[in-house]
Trainee: 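Below you will find the structure I want to go over with you.
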Number of protein chains: 2
Amino acid sequence: MRWRTVPRRKSLYWAMANPVPNPRKNLLLAALPATELKRLRPHLRPVHMDLGHVLYEPGRHLDHVYFPTDSIVSLLYVMEDGSSAEIAVVGDEGVVGISLFMGGETTPSRAVVQSAGNFFQLPGQALKTEFGRGGAMQHLLLRYTQALITQMAQTAVCNRHHSVDQQLCRWLLLSLDRLHGDELVMTQELIANMLGVRREGVTEAAGKLQDAGVIRYRRGHIKVLDRDHLEGLSCECYAVVKKETDRLLPYLHRQ
Amino acid sequence: MRWRTVPRRKSLYWAMANPVPNPRKNLLLAALPATELKRLRPHLRPVHMDLGHVLYEPGRHLDHVYFPTDSIVSLLYVMEDGSSAEIAVVGDEGVVGISLFMGGETTPSRAVVQSAGNFFQLPGQALKTEFGRGGAMQHLLLRYTQALITQMAQTAVCNRHHSVDQQLCRWLLLSLDRLHGDELVMTQELIANMLGVRREGVTEAAGKLQDAGVIRYRRGHIKVLDRDHLEGLSCECYAVVKKETDRLLPYLHRQ
DNA sequence: TTTCCTGTGTGCGCTGGCGCACGGTCCCGC
DNA sequence: GCGGGACCGTGCGCCAGCGCACACAGGAAA
């Protein structure tokens, strides 16, 4: 497990060849009333991050929060002996860095980019100010936090009771939901780190899924062919998290 | 797993034989400035609950939150097939029912009294009003919630990587910290339900601890004889949760 | 084209925890 | 004081997942 800790800068050329990002591509920001978003707007800065980039380290004070637009981030815990486990995934439905407004400023876990892409960066102070107003932003952040709690709790249960096969299905579904696609760029080794299992375990589980025609696997690329079947093979944990997330964050559907 | 779902009422005689409870025995309430506690005071009602009493069921709308004074509560998740796992423990350092102020109103987990004792019950509306003022109460509740999140995350990791032996140690330590004692009234069967393992697994682990002179076990009563040794046998998870809880909730020590 | 590294498939022995079953013992209530 | 039910101890076969080791393949860089 060696993650790059320095963001790779995109060239000016790259920046010019790409359109100006829109904050409303993050669904949490999109759910804000126009007046609140307008207040935040001057503080929001688009950034790009590659796979493996570390958004924050355990115990390290955070300066910013990050709103993913087309990327996903894993909150993962690395233990003394080097083994790791994912606690939760964050995509365009949420925000990375909740401990800033929760008051703790740091967490014992690490946030790592699991799928490269774009974010909006917001200074912690701006977030705290907006949160302190007690308006829509506070409301949204708290509900999102509860959804995150649900995900963590379910991860705990899943780790206890379900097989690697089932957990892989759950993990794929959660990730794909946040990417809004059917393809994932991810090695089996990395998936194993997230699930906290052996790489060989993932190889075997993925092999079964491929034989069943549910996914197609090719050297770091996973494509889901039969999503319904995948949901059927997953444990109940996926459905619980999805249902609860949809309940808590109805804005995910209000287009 | 059959929990009593109706609270056993204490007789008037019992009530008279017992002193009037003090809200400041709950450390979260104790940390409030006098003016805020005074505002809440008229709404706080002392209640007693027995082992196994269910404070709330998954998906059920909550009317009250509960501040334990000398009791502890397990947040646990029960799966479709009946197997269960504890997500976190709450004692006099916190409050049961965070989803009320987080905005979700319900959670997919269940809250069960793990050690009989007393609580202060507060109507949800009173809590929300106070939370909405954005004062000390909000601040405390959010920091407490973050501590709870840490505990859940660590539970997830622990479930993934550590042995039943280690987990039992962690669990005993977390529970005893919240009871401020060295004795626990709890059957091995119940501990097994909390940890989400077999009863026999707990029997074996507890046997080892007893042979090592760390605990003394007698039919539903556990007494810790050598706490330092117990901490040594536990996985890192206990220390992580304790350290983070102490950091987030310094009021636990301000007497 | 060749090289070489990264990623993937496979095999094997080991062990922790599971499911099941049954026997012993403590204590509560009649 | 004497059932009987709740609680605890133990044994056994089974298997998912682990650690390790090695062979093979895709693909990027030289």
Side-chain angles (χ1 to χ4, degrees), chain A residues 1-4 50-52 79 81-85 114 157-172 183-212 215-223 233 235, chain B residues 1-4 50-52 79 81-85 157-172 184-212 215-223 233 235:
Chain A
M1 290 258 313
R2 45 234 154 340
W3 299 106
R4 196 203 326 282
D50 292 328
L51 175 89
M79 296 201 307
D81 68 358
S83 54
S84 60
Q114 189 199 98
V157 172
C158 200
N159 282 348
R160 161 65 55 221
H161 291 290
H162 298 139
S163 68
V164 173
D165 292 11
Q166 292 176 304
Q167 291 187 49
L168 177 60
C169 296
R170 171 184 63 92
W171 189 88
L172 287 173
E183 188 155 356
L184 208 59
V185 179
M186 170 91 15
T187 67
Q188 296 186 346
E189 174 91 41
L190 283 182
I191 298 179
N193 282 144
M194 299 299 160
L195 294 181
V197 300
R198 282 185 320 153
R199 196 260 316 159
E200 294 92 324
V202 174
T203 300
E204 199 178 331
K208 285 187 211 167
L209 289 179
Q210 177 143 256
D211 291 348
I215 64 170
R216 220 166 78 86
Y217 208 108
R218 258 188 46 264
R219 220 180 160 68
H221 293 254
I222 310 174
K223 191 180 177 78
L233 293 171
C235 45
Chain B
M1 290 257 313
R2 46 239 154 332
W3 297 107
R4 196 201 326 280
D50 292 327
L51 175 88
M79 297 200 308
D81 68 357
S83 54
S84 60
V157 173
C158 201
N159 282 348
R160 161 65 55 220
H161 292 290
H162 298 138
S163 67
V164 172
D165 292 11
Q166 292 176 305
Q167 291 188 49
L168 176 60
C169 295
R170 172 183 64 91
W171 189 87
L172 287 173
L184 208 59
V185 179
M186 171 90 15
T187 68
Q188 297 186 344
E189 174 90 42
L190 282 183
I191 298 179
N193 282 145
M194 300 299 160
L195 294 180
V197 300
R198 283 186 319 155
R199 197 259 316 157
E200 295 91 321
V202 174
T203 301
E204 199 178 332
K208 286 186 211 168
L209 289 179
Q210 178 144 258
D211 292 347
I215 64 170
R216 220 165 78 85
Y217 208 110
R218 259 186 46 265
R219 221 181 160 65
H221 293 254
I222 309 174
K223 192 181 176 79
L233 292 172
C235 45

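In what follows, every chain begins at residue 1, and chains take the letters A, B, ... in the order their sequences are listed. Only heavy atoms go into these numbers, but all of them, side chains included; no hydrogens, no water, no symmetry mates.
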Trainee: Taking atom CD as the centre, does A/Glu204 end up with more than 12 heavy-atom neighbours from other residues, nucleotides or ligands that are less than 6.0 angstrom away?
Mentor: no
Trainee: Is the distance from OP1 or OP2 of D/dG9 to the nearest side-chain N or O of B/Gln188 less than 4.0 Å?
Mentor: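 It does, given that an N or O in the side chain of B/Gln188 lies less than 4.0 Å from OP1 or OP2 of D/dG9.
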Trainee: Tell me the interatomic distance from A/Glu204, atom CD, to D/dA16, atom P, rounded to whole angstroms.
Mentor: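 Between P of D/dA16 and CD of A/Glu204: 9 Å.
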Trainee: Does OP1 or OP2 of D/dC18 have a side-chain N or O of A/Arg198 closer than 4.0 Å?
Mentor: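 Yes, because at least one side-chain N or O of A/Arg198 sits under 4.0 Å from OP1 or OP2 of D/dC18.
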Trainee: Counting only side-chain heavy atoms from C-beta out, which of C/dG7, D/dC7, C/dG17 sits nearest to B/Ser163?
Mentor: C/dG17
Trainee: In whole angstrom, what separates A/Tyr217's OH from C/dG7's P?
Mentor: 10 Å
Trainee: Let me know the distance between CD of A/Gln167 and C1' of D/dA16, rounded to the nearest Å.
Mentor: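 Roughly 12 Å, once rounded to whole Å.
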Trainee: Rounding to a whole Å, what distance do you find between A/Arg199:CZ and C/dG7:P?
Mentor: 11 Å
Trainee: Which sits closer to the 5' end of DNA chain C, A/His221 or A/Arg160, going by the nucleotide each is nearest to?
Mentor: A/His221
Trainee: Can you tell me how far apart CG (A/Asn193) and CD (A/Gln114) are? Round to the nearest 0.5 Å.
Mentor: 11.0 Å
Trainee: For A/Asn159 and C/dG17, what is the distance between atoms CG and P respectively, to the nearest whole Å?
Mentor: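 Distance check: A/Asn159 CG to C/dG17 P gives 15 Å.
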Trainee: For A/Gly201 and B/Gln210, find the nucleotide of DNA chain D closest to each by heavy atoms; which residue's nucleotide sits nearer the 5' end?
Mentor: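 Nearest-nucleotide comparison on DNA chain D picks B/Gln210.
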Trainee: With no hydrogens and no angle check, just 3.5 Å: does a side-chain donor-acceptor pair link A/Ser83 and A/Asp81?
Mentor: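 Yes, side-chain donor-acceptor contact under 3.5 Å.
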Trainee: Test your reading of the model: is there a side-chain donor-acceptor pair from B/Glu189 to the backbone of B/Arg199, 3.5 Å cut-off?
Mentor: no
Trainee: Which of the following nucleotides, D/dG17, D/dC20, D/dG9, is nearest to the side chain of A/Glu200?
Mentor: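 Nearest to the side-chain atoms of A/Glu200, counting from C-beta on, is D/dC20.
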Trainee: Remember a base hit wins even if backbone is also touched, and classify A/Gly207 as base, sugar-phosphate or nothing at under 4.0 Å, heavy atoms.
Mentor: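 If one applies the 4.0 Å heavy-atom cut-off, A/Gly207 turns out to touch nothing in the nucleic acid.
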Trainee: When the distance from CD1 of A/Ile222 to C1' of C/dG7 is rounded to whole Å, what number comes out?
Mentor: 13 Å
Trainee: Tell me whether the side-chain N or O atoms of B/Arg219 pair up with the base of C/dC26 as donor and acceptor below 3.5 Å, since no angle test is needed here.
Mentor: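 Side chain to base: pair present.
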Trainee: When the distance from CG of A/Asp211 to P of C/dT8 is rounded to whole Å, what number comes out?
Mentor: 16 Å
Trainee: Donor-acceptor check, side chain of A/Glu183 to backbone of A/His221, threshold 3.5 angstrom: yes or no?
Mentor: no
Trainee: Send over the distance from B/Leu168 CG to C/dG17 C1', rounded to a whole Å.
Mentor: 15 Å
Trainee: Using a cut-off of strictly less than 4.0 Å, decide whether A/Arg218 has a side-chain nitrogen or oxygen near OP1 or OP2 of D/dG27.
Mentor: yes
